[in-house]
Amino acid sequence: MLSRMLPRVHAARALAGAAPLLRAAAPVMATAAMKVAPPRGMATVSKTSKIKAQLMKQLQTAELKGWTAEEVKKMLSMEIGSLGVSKEIASEINELALNVDEIYYNSSPGLLYEQALRYEEGSAIVDSGALAVKSGKKTGRSPLDKRVVFEEASADDVWWGKVNIKLDYKSFLTNRERAIDYLNTRKRLYIVDGFGGWDEQYRVPVRVITSRAYHALFMQNMLVPPTEKELETEFKKPFVIFNAGVFPANRQTAGMTSSTSIAVSFSRREMIILGTQYAGEMKKGVFTIMNYLMPLAPRRDMPPADRALPLHASANIGPDNDVSIFFGLSGTGKTTLSADPKRELIGDDEHVWHPKGVFNIEGGCYAKTIGLTREKEPEIFDAIRFGSVLENVVFDESTGKVDFDDVSITENTRVAYPLRFIPNARIPAKVQHQPKQIILLTCDAFGVLPPISKLTKEQVMYHFISGYTAKVAGTEEGVKEPEATFSACFGAPFLVWHPYVYAEMLAAKLDKHGADAYLVNTGWVGGPYGTGNRCSLKYTRQLIDAIHDGTLAGLPDSEWEQMPIFGLLMPKNQIKEVPKEILRPEDAWKKSGQSSEAFQKTAKNLASLFQKNFAEFSDKCSPAVRAAGPKAV
């Protein structure tokens, strides 16, 4: 039995002294084939009243100053009008073998807040108005549990191995049946339809089916929101994510190594999530899908420069339409550095570089909040308001004030918010301009790489394929402190094709369009982790400014010096307010009391790690690219 519950209204005037507006709407009969059931959540008036009172009290204490009455009404309204379940959607849900009492479809933030507060333990509205939630045992991604179904249509395309572990079709169907069986035990489910990608030519319709309201609000923030017309016409065959993460996988199923499983079938256009409630798995699941589909667009047989290249990167655009691409893994500063008040944000994490320009894959941002302050990251801090989802943060239950320095639950505390919450965001998040600046971000835990260095085209290719950084504590399960890692194309966990495929496309685009390229180290200076210090965000921002305002491009060759061992060009002198000794790693070590010998030893050790990692890819690279790497002599 399937019913569409038209959300009840909890519109509120969050202005001082204004009384809340409350009214209820009865369930709507969507089709003759759909039997309407009474709302399960309204079984007891006392419980409903208590939830309403709790919701309104928390909303009234939230810091919603500066909102107009219309803005408040729009955010809190639980009426969706024509966005109800259509006959087509009802039929599609039934075809998926889902049979539950209540389906909440593309619901508003107000309704999903209420649902989370009522049914999901640990949920609360904090003082900024954001919804704080808990993801359970898993507070980061589980990359070792990712599986790709071995299918004839894609078998020759996929980069099989430790990143894309084969799963047989029977095991996928076993997990699928397990997920649907669990979802059918729920009284209510939440369905979200949205797009992966802002560009109409390349976007992919995605449908998320989940048992948690928190997951629904998260994905409504992260997917590109469709219009009412697009909901009617563009979701005939969406890519479906069945999120049954509250329920574990069966370890006895062939191909399972734990109770967690994230499995994708490209031929069925489905993803199954079991054994993890961490919402980032859905976000990165969509990115994995795009990483497979985009290089096939517009057509598989087109030259690399003319196909769509998915990027694990943030992007922004300046007043002169100069686009910057920031490559980097989690924790390297993609979100922070792309949120620049002097430039419009295209997106903070995932993009596609196609023949006509660049577009964001996502409809929102997913930022780390550890140590967050308004002073350091004002755009992100101010985006934490009603409609945002705070994951695994610690807050004072009496005041609702979040302690962003408290990492007792996890160091991977996060916030998910719509792109529109960033004042200078470019919406629609797409531009018809080619990138002019390529910035490779790394978090060097050894304190060897300069805070900024200028790259040749061959060095861009070498460091893009290498994807060196450090795993930052909390980003993945089991990581408690930074450790050196190499992640091809700055996003190996999400790649589907061999890294060379993406690298070849990047090289072709650089040849065709040209761009200045820099390697920016947001990691340690003056020594390795435990001895040195993380490079000041203030300094890193000034270096990024120096890229954008032409300061670095304007430096003559005589103002650059080649770094021994790594061959990187680093500035000879101070850049803006960044001291000379900070820009030159060996000098920074000596100033902090360490010897040149210690630096040289550490640099050679790191260079040997680069060489060992690159051996896997060197046979497909040109001699010039191979020679662009460090020399451990």
Side-chain angles (χ1 to χ4, degrees), residues 197-199 224 311-328 332-354 356-368 372-384 415 417-442 451-452 454-455 490 509-510 513-522 535-555 575-578:
W198 282 84
D199 190 279
V224 178
L311 310 171
H312 191 211
S314 58
N316 61 26
I317 185 169
D320 295 328
N321 291 323
D322 61 306
V323 176
S324 287
I325 300 292
F326 299 78
F327 287 97
T332 58
K334 291 193 313 300
T335 298
T336 300
L337 296 174
S338 57
D340 186 333
K342 298 181 290 296
R343 300 170 65 84
E344 285 190 320
L345 178 71
I346 304 172
D348 79 322
D349 193 39
E350 302 168 7
H351 290 79
V352 172
W353 184 355
H354 61 100
K356 294 182 179 179
V358 175
F359 69 84
N360 189 352
I361 290 175
E362 301 180 299
C365 302
Y366 190 38
K368 293 177 72 70
L372 181 66
T373 65
R374 178 178 274 117
E375 179 183 9
K376 289 192 297 185
E377 301 178 78
E379 292 84 9
I380 297 173
F381 190 93
D382 291 338
I384 302 176
V415 60
Y417 51 87
L419 195 59
R420 67 178 184 274
F421 282 13
I422 297 295
N424 60 333
R426 172 70 67 96
I427 298 177
K430 56 181 180 178
V431 296
Q432 291 194 348
H433 302 282
Q434 300 296 329
K436 291 187 177 180
Q437 292 91 211
I438 302 296
I439 301 168
L440 307 185
L441 299 171
T442 185
I452 193 163
K454 184 168 66 171
L455 301 177
F490 291 96
K509 289 180 182 294
L510 289 176
H513 304 292
D516 293 330
Y518 301 89
L519 178 66
V520 173
N521 174 26
T522 64
C535 187
S536 164
L537 178 59
K538 174 185 175 182
Y539 287 160
T540 302
R541 286 193 184 280
Q542 289 190 11
L543 294 174
I544 297 298
D545 286 345
I547 294 174
H548 288 146
D549 65 18
T551 298
L552 292 179
L555 289 179
I575 300 296
K576 294 188 181 292
E577 298 177 14
V578 186

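Atoms considered below: every heavy atom in the structure, side chains included; atoms not considered: hydrogens, waters and symmetry mates. Residue indices begin at 1 and follow the sequence shown.
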I'd like to check the side chain to side chain contact (heavy atoms under 4.5 Å, CB included) partners of Y366; sequence neighbours left out, ordered by chain and number.
F218, M222, Y278, K283, E391, R414, A416

Do P451 and V578 touch side chain to side chain, with heavy atoms closer than 4.5 Å?
no

Side chain proximity check, K576 to D549, heavy atoms < 4.5 angstrom
yes

Side-chain contact, heavy-atom cut-off 4.5 Å: I575 with Q542?
no

Answer yes or no: is there a donor N or O on one side and an acceptor on the other, between the side chain of D516 and the main chain of Q437, under 3.5 Å?
no

With sequence neighbours left out, write down each residue that passes side-chain hydrogen bond (donor to acceptor under 3.5 Å, both in side chains) with W353, or none if nothing qualifies.
Q434

Given side-chain contact (heavy atoms from CB on, under 4.5 Å), test L441 with K334 step by step and report yes or no.
CA-CA 8 Å; L441 299 171; K334 291 193 313 300; 4.1 Å; yes

If you measure from CD1 on I346 to CD1 on I422, what distance do you get to the nearest 0.5 Å?
14.0 Å

When rounded to the nearest 0.5 angstrom, what distance separates CG in L345 from OG in S314?
7.5 Å

What is the distance from atom OG1 of T332 to atom CG of N521, rounded to the nearest 0.5 Å?
10.0 Å

According to side chain to side chain contact (heavy atoms under 4.5 Å, CB included), who are the partners of E375, at least two apart in sequence or on a separate chain?
T373

Does R420 reach the main-chain N or O of I427 with its side chain, forming a donor-acceptor pair under 3.5 Å?
no

For R426, side-chain hydrogen bond (donor to acceptor under 3.5 Å, both in side chains) partners two or more places apart:
E344

Would you sort out whether I361 and V224 count as a side-chain contact (heavy atoms from CB on, under 4.5 Å), showing the intermediate values?
CA-CA 8 Å; I361 290 175; V224 178; over 6 Å; no

Any donor-acceptor pair under 3.5 Å from S324 side chain to I438 backbone
no

Take V431 and N321 through the test side-chain contact (heavy atoms from CB on, under 4.5 Å) and record every step on the way to the result.
CA-CA 9 Å; V431 296; N321 291 323; over 6 Å; no

Would you say K454 has more than 12 foreign heavy atoms packed within less than 6.0 Å of its NZ?
yes

Roughly how far, to the nearest 0.5 Å, is CD1 of I317 from NE2 of H433?
5.0 Å

Between D348 and F326, is there a side-chain heavy-atom distance shorter than 4.5 Å?
no

Is L552 close to L555 at the side-chain level, that is, under 4.5 Å between some pair of heavy atoms?
yes

Looking at every heavy atom in both L510 and A515, which two are closest together, and how far apart are they?
CD2-CB, 4.2 Å

Compare every heavy atom of L537 with every heavy atom of L337, then report the nearest pair and how far apart it is.
CD2-CD1, 4.1 Å

Can you tell whether the side chains of K356 and D199 come within less than 4.0 Å, N to carboxylate O?
no

Does T336 have any side-chain hydrogen bond (donor to acceptor under 3.5 Å, both in side chains) partners at least two apart in sequence or in another chain, and if so, which?
E377

Sequence-distant partners of S536, side-chain hydrogen bond (donor to acceptor under 3.5 Å, both in side chains), two or more places apart
none

Does a side-chain heavy-atom distance below 4.5 Å link L311 with F490?
no

Distance, nearest 0.5 Å, that separates CZ of R374 from CD1 of I384:
9.5 Å

Any donor-acceptor pair under 3.5 Å from D320 side chain to D322 backbone:
no

Can you check side-chain contact (heavy atoms from CB on, under 4.5 Å) on E362 and L419, steps first, answer last?
CA-CA 8 Å; E362 301 180 299; L419 195 59; over 6 Å; no

How long is the span from the CD1 atom in I452 to the OH atom in Y539, to the nearest 0.5 Å?
15.0 Å

Considering all heavy atoms of both residues, which atom of P341 and which atom of E379 are nearest to each other, and what is their separation?
CD-OE2, 3.3 Å

Look only at the side chain of N424 and the backbone of D340, and say whether a donor-acceptor pair between them is shorter than 3.5 Å.
yes

Non-hydrogen atoms of N316 and S338 that approach each other most closely
ND2-O, 3.3 Å

